[in-house]
Asker: 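Sharing a structure with you now.
Within every chain, numbering begins at 1; the chains are lettered A, B, ... in the order of the sequence lines, protein sequences first and strands thereafter.
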Amino acid sequence: MTEIPSAYDPKAVEGAIFASWMEGGYFSAKIVEGVQPYSVAIPPPNVTGSLHMGHALNNTIQDVVIRRSRMAGVPTLWVVGTDHAGIATQNKVEQKLHDEGKSRHDLGREAFVAACWEWKALYGGTIIGQLKAMGCSCDYDNERFTMDASYAKAVRKVFVDWFDAGLVYRGKRIINWCPRCSTALSDIEVEHEDVDSHLWHLRYPLKEPVGGVDHVVVATTRPETMLGDTCIAVHPDDERYSALVGAIVVLPLVGREIPIVADEYVDPSFGTGAVKVTPAHDVNDFEIGERHACAKINIMNADATISAEGGAYAGLERYEARKRVLADLEALGALVKTDEHVHSVGHCYRCHTVIEPWLSDQWFVDMKPLAEPAIEAVRDGRTTFHPKRWENVYYHWMENIRDWCISRQLWWGHRIPVFYCDDCGEVVASMEDLTACPKCGSSNVRQDEDVLDTWFSSQLWPFATLGWPEETPELAYFYPTNVLSTARDILFLWVARMVVSGMYFNDAQVPFEDVIIHPTVFNAEGRRMSKSLGTGVDPLDLMEHYGADGMRFGLMLQVTGNQDIKFAEDKLLSSRNFANKIWNASRFVMMNLDGYTPGAPVAETVADRWILSRLANLSARVDEGLATYEFGETARALYDFFWNEFCDWYIELSKSRLNGGDSEQRLGVQRILVFVLDQALRLLHPMMPFVTEAIWRNLPLSDDDTAPSLMIASWPEYATLSRFADPGAEASIDRLIEIVVGVRAVRARYQIPRKRALDIAIRTTGDAEKQWVDDEFGRMAALAGVGDFEVGTDIAKPAHSATVIASGVEIYIPLEGLVDFEAEAVRLSNERERVAIELERLSKKLSNEGFLAKAAPEIVEKDRARADELTDQLALIKAQLAELA
RNA sequence: GGGCGAUUAGCUCAGGGGGAGAGCGCUUCCUUCACACGGAAGAAGUCGUAGGUUCAAAUCCUACAUCGCCCACCA
């Protein structure tokens, strides 16, 4: 076994191991009737995407729960695939065309869509390959895409069903228009940002003076929209303006005569208390316009240039128009003043262009009735969020939900299955393309030009990927899924809508039981990771440096209930080192297996009982941690057990028995080593699949324990391991550790060379302790560099010796000729000070009536014992000081 | 305007009523036959501020401060 390299090299093993998993077909899930399955639908990455830190974190989380479930013997499915990502993909392809000097209009719709498919075929698989590099155990044989033929059928059915139920409707509304993407967006696709701007005060003359007043001043942040003003609004109770209500204003630059109306919406304390109303360019203005029957004049084109309605300003880009309007108003003396003003401006979530509120015909989903059952499902716990506080965020949004604008003026996407008859005016949604009007029979029918919001199709992901609307066995078996893990930024865009549609189309069954909202990964400076800003970290680079396991485990260490992670690369470094530690501990075990035969572990020493007890404890903590999705704590528990307990103590303790013992002793310790290593590798596998698999396949296990791959080996059952729980052994080893650490500290303090064995004396408080030292200490002596030792209840402390105190024993280490006694006296004085302070604090507490009366008895008892211990220590230190003096 | 999160060692963060923890970094020693991606020993914190509850507060409550995030029709 000496041919095993002494450093773990991820690159040398990951590829081959992943290939063997694929070959073994372990990623596919088989339906086993009568057995409850486990399933997860991956948040489908965009076809345009490449792996970023959010994916790395989120997919590690999912792979951890998936791998654990699979090992537990449960039929386990992780559905994988990609999203067609309407705007993002269309933008990419348009950019490519642009580079070739063409636009999508040069190609025409059909050719453009073909170009998108071509692009997808070329680049769409990138991110799937990267998931494989991470070791994600998805069902790659059944990869889905949100524009697959079967998926398209699901999308179409949802639209048609909701249309027929009156839940989808068409309306002329103010929507969010991105002039660059040239499409409508839903409200939650708009990102609001505070922008330093101005509040311009404009003077509008009255047609005829009223009571000596000949004008009104309005305040606006978007002066160019004045070209579309159709009334002025004031608050009905605002006495400053009450005489003016009903008066007519002549709009400067335009000349249009518009009325002053009274409307409750107006806040008299803001600006001048008079609002210019542009119903075609502002949501509130639209509503005011509706209430007062004002015209809605659209003064802007789709590309945010001024339309013909803008008269002299027609054709100007919106901000150029703003400048010109302001300049012209100023020339007229109509620009009264310009205040500094910070206000929130909407930007496109895809291209960050400033959104224009714009009046147009769009399709909407009536969300209110759909949201109700989805709210209820979370209230009654059928779906639970982790951490739970996200449920409040969900409720707040769902309870105040507004209609969802689902039409997009794009070419890449699911085309809206609505057909218009130009003869009789019939409008129908249809599962099949229509060539004739179902009402009048006319062949003069045409399909709606728009496509659906990408999120309209992704909301169906958990069930459309399982074959819905067909009643497939997969849908019947794997729906609802168990866990959905995602970032908080798509809670509304995606998660909430999946609950809505999932319940509506699956007999009110929620799409997933648990929702994990994982922390958002920020860079070390706490800023958003962004490729374009160069503030990102590439997971592929990280895997290059730390291995897939190092990256995965390093990320898991950072997952806590917090909402953000400031990415800490040092955790990946220690995780890479951890993988190497696992590798080398395993290497040690395998290099010491001469004469080994597989067999059940039988504890022969306290150390054996201790490590088995700690293993049982680890199993409980890992189960608990994964069940509650506390990945950080779970990772730490695994790390602490393997490194600090198994490697630092058990393996070190095993060495004397492996080297010095008889063959029976050797076999005993070998079996414990192999057993604990095997179980630990299983527990580690979900987080570190590669290194654990690479080692595990070479472990000489008995036939009962073996499997072709660790991936499908059995998960350690706490119910089985719990019999190893052994508090007595834990206390015993704790004491041994205390002694060894104490002796080592003495050695380090006086720089006693490690080759020089220390002969020590041990005084015990009783015969039981003496027996314990005789039985157990010898096994540990080597770890402390102890040579000979004598033990007894009546051992006298040798002159000039250091003392180590542990429960029930005092260790004396003669220092004659080794130590600077003056320095030791100084150290002891400091120690005396520290102990005295702690003892004083405890004594005060123990003489407090309230404490004695009200504190839990075991707490009082613990403090008493501690105080006794400190008293003894203090006496000893004093005695030693007296000796040195 | 409403809501949420954070504030603990130089850095990144765990912990969560009763003896302040980890990783990285730092100091000293050790190339000992699993591992220098290692071993051993150490230094280092008034647990954001001010009140309150409690026998007992880093932990619970209330304010406040600072940073960050989300929501909202802030002309």
Asker: In terms of ring plane angle, is the pair A:Phe553 and A:Tyr639 parallel, tilted or perpendicular, where the classes change at 30° and 60°?
Answerer: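 The rings of A:Phe553 and A:Tyr639 lie parallel, inter-plane angle below 30°.
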
Asker: Scan A:Ala524 against the nucleic acid and name what it touches under 4.0 Å (heavy atoms): base, sugar-phosphate only, or nothing.
Answerer: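 If one applies the 4.0 Å heavy-atom cut-off, A:Ala524 turns out to touch nothing in the nucleic acid.
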
Asker: Looking at B:A14, B:C37, B:A34, which one has an atom nearest to any side-chain atom of A:Cys647?
Answerer: B:A34

Asker: Closest to the A:Arg576 side chain: B:C35, B:C74, B:C37?
Answerer: B:C37

Asker: If you check every side-chain atom of A:Asn580, which of B:A34, B:C71, B:C37 has the closest atom?
Answerer: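 The answer is B:C37, which lies nearest to the side chain.
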
Asker: Are a donor atom and an acceptor atom from the side chains of A:Asn584 and A:Arg587 found within less than 3.5 Å of each other?
Answerer: yes

Asker: Between B:C64 and B:A6, how far apart are the C1' atoms? Round to whole Å, please.
Answerer: 16 Å

Asker: For a quick check of understanding: with a heavy-atom distance under 4.0 Å over all strands, which category does A:Ala856 fall into, base, sugar-phosphate or nothing?
Answerer: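 Base, at least one base heavy atom under 4.0 Å.
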
Asker: In the strands shown, is B:C67 matched to any nucleotide by a Watson-Crick or G-U wobble pair with both distances under 3.5 Å, and which?
Answerer: B:G5

Asker: Base, sugar-phosphate, or nothing: which does A:Ala853 touch, judged by heavy atoms less than 4.0 Å apart?
Answerer: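 A:Ala853: no heavy atom of the nucleic acid under 4.0 Å.
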
Asker: Which of parallel (below 30°), tilted (30 to 60°) and perpendicular (above 60°) describes A:Tyr629 and A:His386?
Answerer: perpendicular

Asker: By nearest heavy atom, map A:Ile188 and A:Asp564 onto RNA chain B; which one lands nearer the 5' end?
Answerer: A:Asp564

Asker: Just to be sure I understand the rule, does A:Trp200 reach a base, reach only the sugar-phosphate, or reach nothing, if contact means heavy atoms closer than 4.0 Å?
Answerer: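 No contact at all - A:Trp200 keeps every heavy atom at 4.0 Å or more from the nucleic acid.
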
Asker: So that I can tick it off, tell me whether A:Glu544 and A:Lys11 are bridged by a salt bridge, with the cut-off set at under 4.0 angstrom between side-chain N and carboxylate O.
Answerer: yes

Asker: Atom NZ of A:Lys566 and atom C1' of B:C11: how far apart are they, to the nearest Å?
Answerer: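 Rounded to the whole Å, the gap is 9 Å.
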
Asker: Which whole-number value in Å describes the distance from A:Arg747 CZ to B:A41 P?
Answerer: 12 Å

Asker: Under 4.0 Å, counting only non-hydrogen atoms across every strand here, what does A:Thr560 touch: a base, just sugar-phosphate, or nothing?
Answerer: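 Sugar-phosphate contact only.
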
Asker: From the set B:C74, B:A6, B:U12, return the single nucleotide nearest to any side-chain atom of A:Asn562.
Answerer: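 Of all the options, the side chain of A:Asn562 is nearest to B:A6.
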
Asker: With RNA chain B as reference, determine whether A:Arg389 or A:Tyr639 sits nearer its 5' end, using the nearest nucleotide of each.
Answerer: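 Nearest-nucleotide comparison on RNA chain B picks A:Arg389.
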
Asker: Can you classify the ring geometry of A:Phe646 versus A:Tyr650 as parallel (below 30°), tilted (30 to 60°) or perpendicular (above 60°)?
Answerer: parallel

Asker: Give the nucleotide from the list B:G18, B:G68, B:A75 with an atom nearest to the side chain of A:Gln563.
Answerer: B:G68

Asker: With a non-hydrogen cut-off below 4.0 angstrom, is A:Asp640 in contact with a base, only sugar-phosphate, or nothing?
Answerer: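 Nothing: the residue A:Asp640, judged by heavy atoms under 4.0 Å, touches no strand.
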
Asker: Heavy atoms under 4.0 Å, any strand shown: does A:Lys844 hit a base, just sugar-phosphate, or nothing?
Answerer: nothing

Asker: What does A:Arg402 touch in the nucleic acid at a heavy-atom separation under 4.0 angstrom: a base, only the sugar-phosphate, or nothing?
Answerer: sugar-phosphate

Asker: Taking atom P in both B:C71 and B:C26, compute the distance separating them and give it to the nearest angstrom.
Answerer: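 Looking at atom P only, B:C71 and B:C26 are 42 Å apart.
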
Asker: Quantified in whole Å, what is the C1' atom distance between nucleotide B:G21 and nucleotide B:A44?
Answerer: 13 Å

Asker: Do A:Lys571 and B:A14 share a donor-acceptor pair, side chain to base, under 3.5 Å?
Answerer: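 No, the side chain and the base share no sub-3.5 Å donor-acceptor pair.
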
Asker: Within this structure, what is the CZ-to-P distance between A:Phe588 and B:G38, rounded to whole angstrom?
Answerer: 18 Å

Asker: Can you spot which of A:Leu251, A:Thr278, A:Ile299 makes a side chain to side chain contact (heavy atoms under 4.5 Å, CB included) with A:Met226?
Answerer: A:Leu251

Asker: Quick check for you: among B:U12, B:C37, B:C70, whose closest atom lies nearest to any side-chain atom of A:Ala568?
Answerer: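 Nearest to the side chain of A:Ala568 among the choices is B:U12.
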
Asker: Indicate, with a heavy-atom threshold strictly under 4.0 Å, whether A:Val860 touches base, sugar-phosphate, or nothing.
Answerer: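 Here A:Val860 touches no strand at all.
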
Asker: For A:Val393, answer base if it contacts any base atom (sugar-phosphate contacts may also be present), sugar-phosphate if it contacts only those atoms, and nothing otherwise; contact means non-hydrogen atoms under 4.0 Å.
Answerer: nothing

Asker: Can you figure out which of B:A40, B:G15, B:G5 approaches the side chain of A:Arg744 most closely?
Answerer: B:A40

Asker: Counting the atoms with a prime plus P, OP1 and OP2 as sugar-phosphate, which does A:Glu391 contact under 4.0 Å by heavy atoms, base, sugar-phosphate, or nothing?
Answerer: nothing

Asker: Pick base, sugar-phosphate or nothing for A:Arg841, based on heavy-atom distances below 4.0 Å to the nucleic acid.
Answerer: nothing

Asker: Using both distances under 3.5 Å as the test, list the Watson-Crick or G-U wobble partner of B:U54, or none.
Answerer: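 Here B:U54 is not engaged in any pair, so there is no nucleotide opposite it.
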
Asker: Ignoring the backbone of A:Lys581, work out which of B:A34, B:U12, B:A41 is nearest its side chain.
Answerer: B:A34

Asker: From the list B:C71, B:A75, B:G68, which nucleotide is the closest neighbour of the side chain of A:Phe492?
Answerer: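 Closest nucleotide among those given: B:C71.
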
Asker: Answer with base, sugar-phosphate or nothing: what part of the nucleic acid does A:Gly547 contact at a heavy-atom distance below 4.0 Å?
Answerer: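 Counting heavy atoms under 4.0 Å across all strands, no contact is made by A:Gly547.
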
Asker: Consider the side chain of A:Asp570, meaning its heavy atoms from C-beta on, and name the nucleotide among B:G23, B:A75, B:A14 that approaches it most closely.
Answerer: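 Selected nucleotide (nearest to the side chain): B:G23.
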
Asker: Under 6.0 Å from the ring centre and within 45 degrees of the ring axis: does the NZ or CZ of A:Arg173 meet both conditions for the six-membered ring of A:Phe364?
Answerer: yes

Asker: Find the partner of B:A44: check Watson-Crick (N1-N3 plus N6-O4 or O6-N4) and G-U wobble (N1-O2, O6-N3) distances, both under 3.5 Å, and reply none if neither fits.
Answerer: none

